[in-house]
Amino acid sequence: MEKKEQLYEGKAKKVFLTDEDDKLIVSYKDDATAGDGAKKGTIVGKGSINNRMTNILMQLLEEVGVPTHFVKELSDTDTVVKKVEIVPLEVIMRNTSAGSFAKRYGVEEGIDFDEPTFEFSLKNDDLHDPLINKSHVLALKLATKEELDRIEELSRKVNETLKEFFLKHNVKLVDFKLEFGRLPDGTIVLADEISPDTCRFWDTETNEKLDKDRFRRDMGKIEDAYQEMFRRVTSGK
């Protein structure tokens, strides 16, 4: 497959056109940002880890009936994906209080929920990705009711599957962000990535943070945390 001109560059990835109209190549970068881009840096090896981890997890989810945009891994940092129209929403699933949830509601981090919480935010950096509810989504015609129901169904399946998977590797899935896209026939599929950039991972015994919070909060040992997560995900594979 031929990588052609660059279509888009985001904070963590570049997207390229290919010689197949319905396929794109995603190239992961070592660049890191936080606070809507206010903080910038580099996490050495992050691009490779996020690419390979995402592909492993996307294939795991395909096996349990979650459709994804994954097609084929080309290299440590490059992957072929199906071309989709991204639904301009981010889904946040939370199993434990942390981050913005703890700050917003004035609670401590580490409270395990009886049931996972499910949130939508508007995918808009200029507006700082504000929370948005279903009626607002429908009013703005960002998605249909049927699409929202399908996205929630798939998100809960992803949470259930990944929680179980990570527990086997002594990792607690605290919370995570998902994005979805539409195929040309309207099918909703999981897109974007699943990595320490988009998830909060804590060691089940020590609660040590193994994710991007180490960069956000200047905790140090950032590369070590990403490498440790990749080691656990691939152990026994």
Side-chain angles (χ1 to χ4, degrees), residues 1-33 37 40-91 123-125 142-143 147 150-151 154-155 157-158 161-162 165-166 176-199 211-212 223 226-227 229-237:
M1 178 173 289
E2 181 185 355
K3 180 191 283 188
K4 302 181 78 173
E5 63 265 30
Q6 182 175 303
L7 179 64
Y8 167 81
E9 181 171 4
K11 298 171 186 173
K13 297 184 285 293
K14 297 179 181 179
V15 179
F16 296 87
L17 297 173
T18 73
D19 51 356
E20 297 184 29
D21 291 343
D22 61 343
K23 304 289 193 308
L24 299 171
I25 292 175
V26 175
S27 183
Y28 286 73
K29 307 189 295 183
D30 286 352
D31 296 354
T33 65
K40 297 180 180 179
T42 300
I43 301 174
V44 177
K46 177 175 84 76
S48 172
I49 288 170
N50 286 3
N51 177 54
R52 297 172 67 195
M53 184 185 299
T54 293
N55 295 342
I56 290 167
L57 298 175
M58 289 282 187
Q59 291 173 85
L60 170 68
L61 292 168
E62 289 271 7
E63 291 173 4
V64 299
V66 177
T68 78
H69 72 166
F70 174 79
V71 176
K72 180 173 66 174
E73 185 175 297
L74 292 178
S75 69
D76 283 355
T77 57
D78 288 12
T79 291
V80 180
V81 300
K82 300 168 189 171
K83 188 176 184 179
V84 300
E85 177 192 5
I86 292 292
V87 179
L89 300 170
E90 295 180 349
V91 172
K123 186 174 165 61
N124 187 313
D125 285 345
L142 303 177
E147 287 175 332
R150 180 61 170 160
I151 287 171
L154 292 174
S155 298
K157 182 68 172 178
V158 170
T161 303
L162 294 186
F165 172 81
F166 284 118
F176 58 97
K177 173 185 75 70
L178 298 176
E179 294 184 23
F180 291 86
R182 303 179 184 94
L183 294 177
D185 66 0
T187 300
I188 293 290
V189 300
L190 181 63
D192 197 43
E193 65 180 283
I194 306 170
S195 72
D197 272 15
T198 62
C199 306
D211 54 63
K212 193 178 174 182
E223 284 88 356
Y226 277 70
Q227 291 165 6
M229 272 306 305
F230 185 68
R231 185 194 69 77
R232 294 194 192 191
V233 165
T234 54
S235 63
K237 182 174 175 289

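For reference, positions follow the sequence shown, starting with 1.
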pair [X]-[Y]: side-chain heavy atoms closer than 4.5 Å:
X: E20; Y: V80; value: no
X: V233; Y: F165; value: yes
X: I49; Y: Y28; value: no
X: M229; Y: F166; value: yes
X: V91; Y: V158; value: no
X: N124; Y: P88; value: no
X: M53; Y: I194; value: no
X: F180; Y: S155; value: yes

Can V87 and E179 be said to form a side-chain contact (heavy atoms from CB on, under 4.5 Å), step by step? CA-CA 7 Å; V87 179; E179 294 184 23; over 6 Å; no

Rounded to the nearest 0.5 Å, how far does [atom2] of [Y] lie from [atom1] of [X]?
X: K23; Y: K82; atom1: NZ; atom2: NZ; result: 8.0 Å
X: H69; Y: I86; atom1: NE2; atom2: CD1; result: 7.5 Å
X: N50; Y: T77; atom1: CG; atom2: OG1; result: 11.5 Å
X: L154; Y: I188; atom1: CG; atom2: CD1; result: 8.5 Å
X: D125; Y: K123; atom1: CG; atom2: NZ; result: 7.0 Å

Out of D19, D78, L74, which one pairs with K3 under the side-chain contact (heavy atoms from CB on, under 4.5 Å) rule?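 Among D19, D78, L74, the one meeting side-chain contact (heavy atoms from CB on, under 4.5 Å) with K3 is D78.
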
Ignoring hydrogens and geometry, is there a side-chain-to-backbone donor-acceptor pair from [X] to [Y] under 3.5 Å?
X: K212; Y: C199; answer: no
X: T18; Y: L24; answer: no
X: D30; Y: V44; answer: no
X: K11; Y: K40; answer: no

Minimum heavy-atom distance between G181 and A191, given as atom pair plus value: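 Smallest heavy-atom distance, with atoms named: N-CB, 4.3 Å.
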
For K83 against L183, the heavy-atom pair lying closest together: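 Looking at all heavy atoms of both residues, the closest pair is O-CD2, 4.2 Å.
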
Which salt bridge (charged side-chain N to carboxylate O under 4.0 Å, His left out) pairs, counting each pair once, include a residue from residues 41-60, with sequence neighbours left out?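 Output for this query lists K46-D197.
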
Pair listing, salt bridge (charged side-chain N to carboxylate O under 4.0 Å, His left out) test, anchored in residues 182-192, at least two apart: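 Every salt bridge (charged side-chain N to carboxylate O under 4.0 Å, His left out) pair that includes a residue of residues 182-192, provided the two are not neighbours, is K13-D192, E85-R182, E147-R182, K177-D192.
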
Kindly list each side-chain donor-acceptor pair under 3.5 angstrom involving residues 55-65, sequence neighbours excluded, with atom names and distances?
| unit_1 | atom_1 | unit_2 | atom_2 | d |
| --- | --- | --- | --- | --- |
| N55 | ND2 | N51 | O | 3.2 |
| N55 | ND2 | N51 | OD1 | 3.4 |
| N55 | ND2 | E73 | OE1 | 2.9 |
| N55 | ND2 | T79 | OG1 | 2.7 |
| Q59 | NE2 | N55 | O | 3.0 |
| E62 | OE2 | T68 | N | 3.0 |
| E62 | OE2 | T68 | OG1 | 2.8 |

